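Data first, discussion second: the structure below is written as structure tokens.
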Amino acid sequence: MDKTTNSISNIRVRFAPSPTGYLHIGNARTALFNYLFAQKTKGFLILRIEDTDRERSSGEYEQSIIEDLKWIGIQWDEGPDTDGHFGPYRQTERIEIYKEFAENLLKEKKAYYCYCTKEEIEERNKQSSIEKKAGYDNNCRTLTEQQAGKYIKEGRKPVLRLIVPEKTLVVYDLVRGKVEFNTSLINDFVIMKSDGIPTYHFAVVIDDLLMEISHVIRGEDHLSNTPKHILIYEALGKQTPQFAHMSMTLGSDRSRLSKRHGATSVRAYKEEGYLPEAFFNYISLLGWATGDDKEIFSREELINEFSIEKCSKVNAIFDPKKLLWLNGIYIRKEKPLKIFQASMPFIKQAGILDDVLKQSQETIEKIITLQQERIKTLKDVPALIEFFVKEEIEYKKEDIEKFSEGTIKNMLKNLLNELTNIEFKHEILEDSVRKFCEQNNLKTSDIFHPLRVAVTGRIKGPGLFEAMEVIGKEKVLKRIENFLSY
RNA sequence: GCCCCCAUAGACUAGAGGUUAGGUCACCACUCUUUCAAGGUGGUAGCGCCGGUUCGAGUCCGGCUGGGGGCGCCA
């Protein structure tokens with residue numbers, strides 16, 4: 001995660017989650033785009049924890065977000081878990097810094113204390129129904145010292161509000177182009193809460209400033225808040241970074257991605273057996289595309305091809321089906337041994353670990369190779385390899401009934417004798433079973449299907465003879481005998 | 001209510017005035033095949049609506065409609 005200081009780029013971007021839950025898919029995509037941009041430009045990615053909401057933030061969530069980012073393969077150059085010259089990277093550890101900036105704004109009369117309670121503001125809003133202006137009425141901007149003194153005596157703890165000058169603000173957004181705002185619609189907003197903690201708007205600006213962030217790449221939900229941020233930069237007499245507001249990720253009904261749409265956290269997909277590479281690739285496709293028709297990208301290709309200009313302004317719907325398809329693509333491309341290793345948690349979970357560990361690595365690799373094209377997610381692995389590794393298999397009642405007809409059983413019995421005498425190589429097996437069918441005037445399917453059920457306990461699966469070879473002579477013969485006993 | 005953003009099939013998108021509107025997922029059919037899967041081939045399906053500019057509009061402009069976002073002592 002370190003980068004030497006001889007980097008020529010002074011591009012610095014950040015991903016700034018608040019640790020109030022697991023890493024959300026939408027946030028993961030924002031993180032990914034920041035990562036890709038940093039990599040592409042040889043810049044720096046900073047991870048900053050925005051934990052000023054003390055009610056909802058927790059260290060566990062911070063940890064889980066870090067784990068999930070790492071799982072996806074997003075690496076950062078500076079953050080709470082690494083060294084860096086712009087720390088601390090956790091907002092609650094920066095409270096004194098914000099206070100200092102706030103006090104300066106107060107001194108310069110660019111901000112003021114407000115003693116109003118929520119109730120008082122609401123009440124006044126109701127009274128002035130002519131102007132249906134929502135929010136704060138800038139009441140305390142013109143508070144006399146006398147009035148202020150009275151409030152202080154009452155023991156009221158004030159918030160600090162920024163004086164919002166009336167003007168037109170222009171955001172030159174890298175994704176959306178020129179966007180104009182009229183600040184007359186913005187009320188003097190809170191920058192420091194009454195408990196001395198900065199609000200999001202204030203902390204974000206101070207941090208981006210001090211951490212020398214050059215490009216703020218974030219979700220479109222922050223576009224409307226950007227004028228507030230610019231106002232703070234201006235009050236501080238500082239230049240703004242560049243802004244890029246990415247489209248949002250929505251659920252299947254075009255509403256915000258929520259529990260109703262299924263899994264919304266990165267962690268859930270990890271636990272469902274998705275490969276991080278596939279996930280990485282899939283979310284990069286949401287709101288971004290190259291001019292050609294390419295969709296499958298390695299990490300390096302993605303970094304190489306990425307550009308903010310190619311980012312779409314249109315909100316994208318998260319489609320689990322396409323992710324599933326892409327996951328299959330990655331699984332089929334992966335080395336069998338890698339798939340096996342990645343499936344270990346699921347194998348353990350399924351309770352077949354002991355049987356699996358009895359197999360040689362070679363056998364395991366053969367099994368995975370045979371089933372690879374059937375694996376959609378790693379979670380499928382136990383069910384697909386189970387009948388290879390288990391000593392005994394169980395049959396479904398319906399399958400037994402289907403193939404319990406006397407002639408079939410007799411044929412299988414005869415075949416069993418044949419199999420006893422041959423070498424268990426799939427070519428040889430196939431050869432002799434086909435010959436057996438011919439000699440007995442049977443269609444191959446008359447024997448293939450019952451044989452598959454007898455040997456694997458299933459009506460579908462990989463090539464029958466390849467499977468038999470891997471399962472091994474001893475087990476196969478035993479299984480057929482067992483099947484015949486029903 | 002006010003402000004901001006957006007609009008190509010069910011979904012993700014290509015398209016920067018002249019295209020038979022291209023690709024991918026999903027869906028359907030066919031094919032390969034001992035089953036399933038994977039693969040191959042083909043198919044259904046789209047420029048939200050109304051005006052304007054232009055010889056010509058998916059593409060430019062305006063309006064409408066629709067969707068999303070913001071207006072917190074949440075971030």
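Sequence lines set the chain letters: A, B, ... in the order given, protein chains first and strands last, and positions in each chain run from 1. Note that the structure is predicted; figures quoted are calculated from it, not measured. Computed from heavy atoms alone, side chains included, the values below leave out hydrogens, waters and symmetry copies.
Across all strands shown, rU53(B) has no partner, as no Watson-Crick or G-U wobble contact with both distances under 3.5 Å is found. Shown here, rU24(B) forms a base pair with rA11(B); the pair counts as Watson-Crick or G-U wobble because both key distances fall under 3.5 Å. With a cut-off of 3.5 Å on both Watson-Crick or G-U wobble distances, the partner of rA29(B) is given as rU41(B).
Taking atom P in both rG1(B) and rA9(B), the straight-line distance is 28 Å, to the nearest Å. Between rA7(B) and rG58(B), the distance separating the two C1' atoms is 11 Å to the nearest Å. As rounded to the nearest Å, rC47(B) and rA14(B) have C1' atoms that lie 13 Å from one another. Using P as the reference atom, rU41(B) and rG18(B) are 30 Å apart when rounded to the nearest Å. Comparing rG42(B) with rU24(B), their P atoms sit 10 Å apart, to the nearest whole Å. rC6(B) and rG10(B) are spaced 23 Å apart, taking the P atom of each and rounding to whole Å. On the C1' atoms, rC71(B) is 32 Å away from rC12(B), given to the nearest whole Å. A gap of 16 Å separates the C1' atoms of rA16(B) and rG22(B), to the nearest Å.
When heavy atoms are screened at a 4.0 angstrom cut-off, E55(A) is found touching no nucleic acid atom at all. Note on E50(A): only backbone sugar-phosphate atoms sit closer than 4.0 angstrom, heavy atoms only; bases stay farther off. Among the protein residues, C311(A) comes within range of no part of the nucleic acid, since none of its heavy atoms lies under 4.0 Å from any strand. Among the atoms of the strands shown, base atoms are found under 4.0 Å from some heavy atom of P462(A). Base contact: V159(A) has a heavy atom under 4.0 Å from a base atom. Nucleic acid contact for G219(A): none, since no nucleic acid atom lies under 4.0 Å from a heavy atom of the residue. Residue L286(A) is in sugar-phosphate contact alone, with no base atom involved, counting any heavy-atom pair closer than 4.0 Å across all strands shown. Residue G461(A) is classed as a base contact, given a heavy-atom separation below 4.0 Å to a base. If you check every strand for non-hydrogen atoms under 4.0 Å, S194(A) touches a base. Residue-level contact check: F318(A) touches neither bases nor backbone, having no heavy atom under 4.0 Å from any strand.
Listed by chain and number, the residues in a salt bridge (charged side-chain N to carboxylate O under 4.0 Å, His left out) with E466(A) amount to none (sequence neighbours excluded).
In terms of position along RNA chain B, the nucleotide closest to D293(A) lies nearer the 5' end than the nucleotide closest to the other residue of the pair D293(A) and R161(A). Residue order along RNA chain B, read from the 5' end via each residue's closest nucleotide, puts S247(A) first among S247(A) and K157(A).
R176(A) has its CZ atom 13 Å from the P atom of rG70(B), to the nearest Å. R56(A) has its CZ atom 10 Å from the P atom of rC74(B), to the nearest Å. Nucleotide rU35(B) holds its P atom 18 Å from the CZ atom of R458(A), rounded to whole Å. Rounded to an integer number of Å, the gap from M192(A) CE to rC73(B) C1' is 11 Å. Regarding L464(A), its CG atom lies at a distance of 9 Å from the C1' atom of rU35(B), rounded to whole Å. The distance from atom CZ of F189(A) to atom P of rA75(B) is 13 Å, rounded to the nearest whole Å. Here rU35(B) presents its P atom at 17 Å from CG of L370(A), a figure rounded to the nearest Å. In this structure, H24(A) atom NE2 and rA75(B) atom C1' are separated by 14 Å, rounded to whole Å.
With F15(A) as the aromatic partner, R48(A) does not meet the cation-pi criteria of under 6.0 angstrom to the ring centre and within 45 degrees of the ring axis. Remark: R161(A) fails to qualify as a cation-pi partner of F189(A) under the 6.0 Å distance and 45° angle criteria applied to the six-membered ring.
OP1 or OP2 of rA75(B) sits under 4.0 Å from a side-chain N or O of K193(A). Within the 4.0 Å cut-off from OP1 or OP2 of rG66(B), not a single side-chain nitrogen or oxygen of R254(A) is found. For the pair R452(A) and rC36(B), the criterion of a side-chain N or O lying under 4.0 Å from OP1 or OP2 is not met. K376(A) has a side-chain polar atom (N or O) that falls below the 4.0 Å cut-off from OP1 or OP2 of rA38(B). The side chain of K310(A) places an N or O atom within less than 4.0 Å of a non-bridging phosphate oxygen (OP1 or OP2) of rG15(B). Phosphate proximity of rA75(B) to R218(A): absent, as no side-chain N or O sits under 4.0 Å from OP1 or OP2. Remark: R256(A) is in phosphate contact with rG70(B), judged by side-chain N or O atoms under 4.0 Å from OP1 or OP2. Phosphate contact (OP1/OP2 of rA75(B), side-chain N/O of R48(A), threshold under 4.0 Å): absent. Of the side-chain N and O atoms in T199(A), none sit less than 4.0 angstrom from OP1 or OP2 of rC73(B).
R14(A) places no side-chain N or O within donor-acceptor distance of the main-chain N or O of N34(A), the cut-off being under 3.5 Å.
In this structure, Y151(A) and Y115(A) have parallel ring planes: the angle between them is below the 30° cut-off, well short of the 60° mark. The aromatic rings of F33(A) and F306(A) are tilted relative to each other, their planes meeting at an angle between 30° and 60°. The aromatic rings of F279(A) and Y269(A) lie tilted to each other, with the angle between the two planes from 30° to 60°.
For K322(A), the side-chain atoms get nearest to rC12(B) when compared with the rest of rU34(B), rC12(B), rA7(B). Comparing rA26(B), rU34(B), rG68(B) by their closest approach to the side chain of S255(A) singles out rG68(B). The listed nucleotides are rU34(B), rG70(B), rA38(B); the one nearest the side chain of H449(A) is rU34(B). With rC25(B), rC3(B), rU8(B) as the candidates, the nucleotide lying closest to the side chain of F181(A) is rC3(B). The side chain of V190(A) approaches rC73(B) more closely than any other nucleotide in the set rC73(B), rG10(B), rG68(B). With rG68(B), rC3(B), rA75(B) as the choices, the nucleotide that has an atom nearest any side-chain atom of N315(A) turns out to be rG68(B).
Note that the CD1 atom of I283(A) and the OG1 atom of T249(A) stand 8.0 Å from one another [nearest 0.5 Å]. If you take CZ on F387(A) and OG1 on T456(A), they are separated by 5.0 Å, rounding to the nearest 0.5 Å. Between the CZ atom of R479(A) and the CG atom of L416(A) there is a distance of 14.0 Å, given to the nearest 0.5 Å.
Enclosure of atom NZ in K333(A) by more than 12 non-hydrogen atoms of other residues, nucleotides or ligands within 6.0 angstrom is indicated. K294(A) NZ: more than 12 foreign heavy atoms inside a 6.0 Å radius.
Taking a 4.0 Å limit (strictly below) on heavy-atom distances, residues 221-230 of chain A reaches RNA chain B at D221(A), H222(A), L223(A), S224(A), N225(A), K228(A).
Counting atom types as modelled, R374(A) pairs a side-chain N or O with a base atom of rC36(B) as donor and acceptor under 3.5 Å.
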